[in-house]
Amino acid sequence: LYFTLPIDARGWTWWDGLRLSRKIEREGEYSTQLWLGTGSSGRISALPVAAITGAAGLAAWIAPERAQQARLGYNVETRELFVAFDVALTPKGGKPPNQAEFVFSIAGIPPAAGLREAIAHWHADSPAAFASRKVPEGAVLMRAPIAEVPSARDFAIAYNLVPSYVAVDDCTADDRAGVLTLLGIDPMYASITYRPAPQNYGEMLAALDASAKLVDAGNLNDAQRAANQVTRETARMIQACAVQGPGGEWHWDYFAGFASLRLPVNPDPDLKAPSGTPNQAEHAFRTKELAPLWSGGKRGTLDGAWVAAVETGGDRLEYRPAALAACDGTLTFETATRRPCVPLAWAHAEFLTRCAGELRKRKKVLLGHAGPLWCTALAVPFDAFYYDFSLGPRDDQGSAAWDALFLHRAALAGDRPVTMMFSGDFNQVKAPFVRAFLAQCAAYGFYPGWLDHRVGGGRNEPVFRTPAWWDAVR
């Protein structure tokens, strides 16, 4: 579905980024796109906003709240600014079926403004998606024993992240330091540990079936019975929600180092599982088990949740009728076969929206490693953001690529706080690079954070436990 606006923009400027542009002069199409494998061309706009400037200025953008496949660009041959949507209509999906919703806007901008003004219009058009959620702002640490962190308040540390595989049984130290404890939730994958490992697809299916039917022996204690119940629920949830390819086969990986079978799953909260089986949204966000920590008490208060890498696997495609029926976004279709499908990023966005609603009822925070700009609906539910920043000795911190990344992350966040999480070997990344990283955070308006601070020798050791480094950073 195309919307086109006739305009002769030859000699004008097409904006690929906030500081990247091209003169419109050759024949063909000007657009900034990525491969997704869906829609008529298989491509999707890398940015949700487009701008052309010259004798005048025009901007177009798609609504950030809705998951939809769109391409924005300018065609020299037809002399048209266009917004194109790839839409699948099917009785098996869509809400309601056989219908699709698409949302975009177009506006004039000052000729000298460029993409920055277009993004300002994008923000103003959907203020709720980008406004500050009035949550604490500050640096982020990962699995930090806050009581051991020297001068924690000097760093304005706001959040301590606890991974999903770590039991949260005491938040009191964070509470005393005024730091919020956030529990990791993972909507993209489900894992079960097996020894010996399944060696092929048939063994994997058999192992899952055996786990789903696991029977408790008579001599188990309460902890063992609880562990068996988790195994049963996980296996049944995988059987109901695992992502299937076009032939109905499940995607699966075995990670020998972790002795873990891992399958991508569809976390759409509306994807119904059989009676008594939690779907992935319920499985990843266990409100009942976390209730004592949500409400506070002797063990302290759990202040919210964080989600890592929500874009992981977002370009996988779901074809099942149940997945099509559950999707709230705009359905698209596989380029090669024309089959209706759902990019998994759409389901991730629905999961995050549901989680954000549950957390806000409790006045809790949702922190996220926000997804790509090609699916802005992944970022809208978050109250605050963090990003990994892996830096090596030869990285050019002043490069156009880093500049574009930082600027686009800021545009996606709007008025919500952003933390850049530094990750690197501190025996290779010398002090000048760390100082440059801190200066970049200040320049772009980001807080610094500390993720996987290897101080050398292959040891994962937080930098704050190495006094010379911590003092230098401070």
Side-chain angles (χ1 to χ4, degrees), residues 17 31-39 41-50 60-73 83-88 93 100-105 119 122-123 125-126 128-130 186-189 243 264-271 280-281 307-318 323-324 326-335 340-356 366 368-382 385 387 404-405 408-414 416 418:
S31 188
T32 309
Q33 300 180 8
L34 298 171
W35 177 259
L36 187 61
T38 58
S41 68
R43 307 185 74 83
I44 187 171
S45 276
L47 300 173
V49 181
W61 60 92
I62 61 172
E65 303 91 344
R66 186 165 189 82
Q68 52 191 344
Q69 182 176 357
R71 287 170 285 118
L72 300 90
V83 181
F85 292 92
D86 290 299
V87 176
E101 180 179 318
F102 55 94
V103 184
F104 71 94
S105 300
I119 287 175
W122 183 51
H123 287 175
D125 203 30
S126 301
F130 302 102
D186 188 352
M188 293 79 67
Y189 291 95
V243 177
V265 290
N266 187 327
D268 191 326
D270 295 328
L271 183 62
Q280 170 61 357
V307 187
V310 298
E311 73 273 19
T312 303
D315 56 352
R316 291 185 186 270
L317 305 179
E318 267 272 47
L324 300 180
C327 180
D328 291 333
T330 301
L331 299 181
T332 184
F333 54 92
E334 186 183 23
T335 304
C341 64
V342 179
L344 208 54
W346 280 212
H348 294 170
E350 293 179 36
F351 173 88
L352 295 171
T353 299
R354 182 71 57 88
C355 285
L366 183 61
H369 189 293
L373 283 165
W374 58 264
C375 184
T376 56
L378 287 169
V380 170
F382 291 121
F385 301 92
Y387 298 101
L405 174 67
H408 293 161
R409 294 306 192 194
L412 191 64
R416 294 167 291 177
V418 178

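When each of Val87, Asp86, Leu317 is checked for a side chain to side chain contact (heavy atoms under 4.5 Å, CB included) with Phe333, only Asp86 meets the rule.
No side-chain heavy atom of Thr376 sits less than 4.5 Å from a side-chain heavy atom of Trp61. Between Pro267 and His348 there is a side-chain heavy-atom pair separated by less than 4.5 Å. Side-chain contact between Leu412 and His408 is absent, with no heavy-atom pair separated by less than 4.5 Å.
One distance of note links CD of Glu318 with SG of Cys327; it measures 10.0 Å at 0.5 Å rounding. The OG atom of Ser45 lies 11.5 Å from the CG atom of Leu36; values are rounded to the nearest 0.5 Å. Taking OG of Ser31 as the reference point, atom CZ of Arg71 lies at 8.0 Å (rounded to 0.5 Å). Rounding to the nearest 0.5 angstrom, the gap separating the CH2 atom in Trp346 from the CG atom in Leu324 is 13.5 Å.
Counting all heavy atoms, side chain and backbone alike, Pro64 lies closest to Val380 at O-CG2, 3.5 Å. Annotation for Asp125 and Ser105: closest pair OD2-OG, 2.7 Å, computed over non-hydrogen atoms. Across all non-hydrogen atoms, the minimal contact from Leu366 to Ala356 is CD2-CB, 3.9 Å. Nearest heavy-atom pair, Thr330 versus Glu101, reported as atom, atom and distance to 0.1 Å: OG1-O, 2.5 Å. Of all heavy-atom pairs between Met188 and Ala308, the closest is CE-O, 3.1 Å. Scanning all heavy atoms of the two residues, the minimum distance from Thr335 to Gly39 falls at OG1-O, 2.8 Å.
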Item to check | Residues Val49, Leu72; criterion side chain to side chain contact (heavy atoms under 4.5 Å, CB included); working and verdict | outcome: CA-CA 8 Å; Val49 181; Leu72 300 90; over 6 Å; no
Checklist entry - Yes or no on side chain to side chain contact (heavy atoms under 4.5 Å, CB included) for Cys341 and Thr332, after CA distance, side-chain angles and deciding distance? => result CA-CA 6 Å; Cys341 64; Thr332 184; 4.1 Å; yes
Checklist entry - What do the steps show when you test Asn266 against Gln280 for side chain to side chain contact (heavy atoms under 4.5 Å, CB included), and what is the final call? => result CA-CA 7 Å; Asn266 187 327; Gln280 170 61 357; over 6 Å; no
Next on the checklist: Before you tell me yes or no, could you show the steps for Arg354 and Asp268 under salt bridge (Lys or Arg N to Asp or Glu O under 4.0 Å), namely the whole-Å CA-CA distance, both residues' side-chain angles and the distance that decides it to 0.1 Å?
Outcome noted: CA-CA 9 Å; Arg354 182 71 57 88; Asp268 191 326; 6.0 Å; no
Next on the checklist: Go through it in stages, so that I can follow the logic: the residues are Asp315 and Trp35, the test is side chain to side chain contact (heavy atoms under 4.5 Å, CB included), and I'd like the CA-CA distance, side-chain angles, deciding distance and then a yes or no.
Outcome noted: CA-CA 9 Å; Asp315 56 352; Trp35 177 259; over 6 Å; no
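Using the six-membered ring where Trp is involved, Phe385 and Phe382 have ring planes that are perpendicular, over 60° apart on the 30 and 60° scheme. Below 30°, between 30° and 60°, or above 60°: for Phe104 and Phe85 the angle between ring planes is between 30° and 60°, a tilted geometry.
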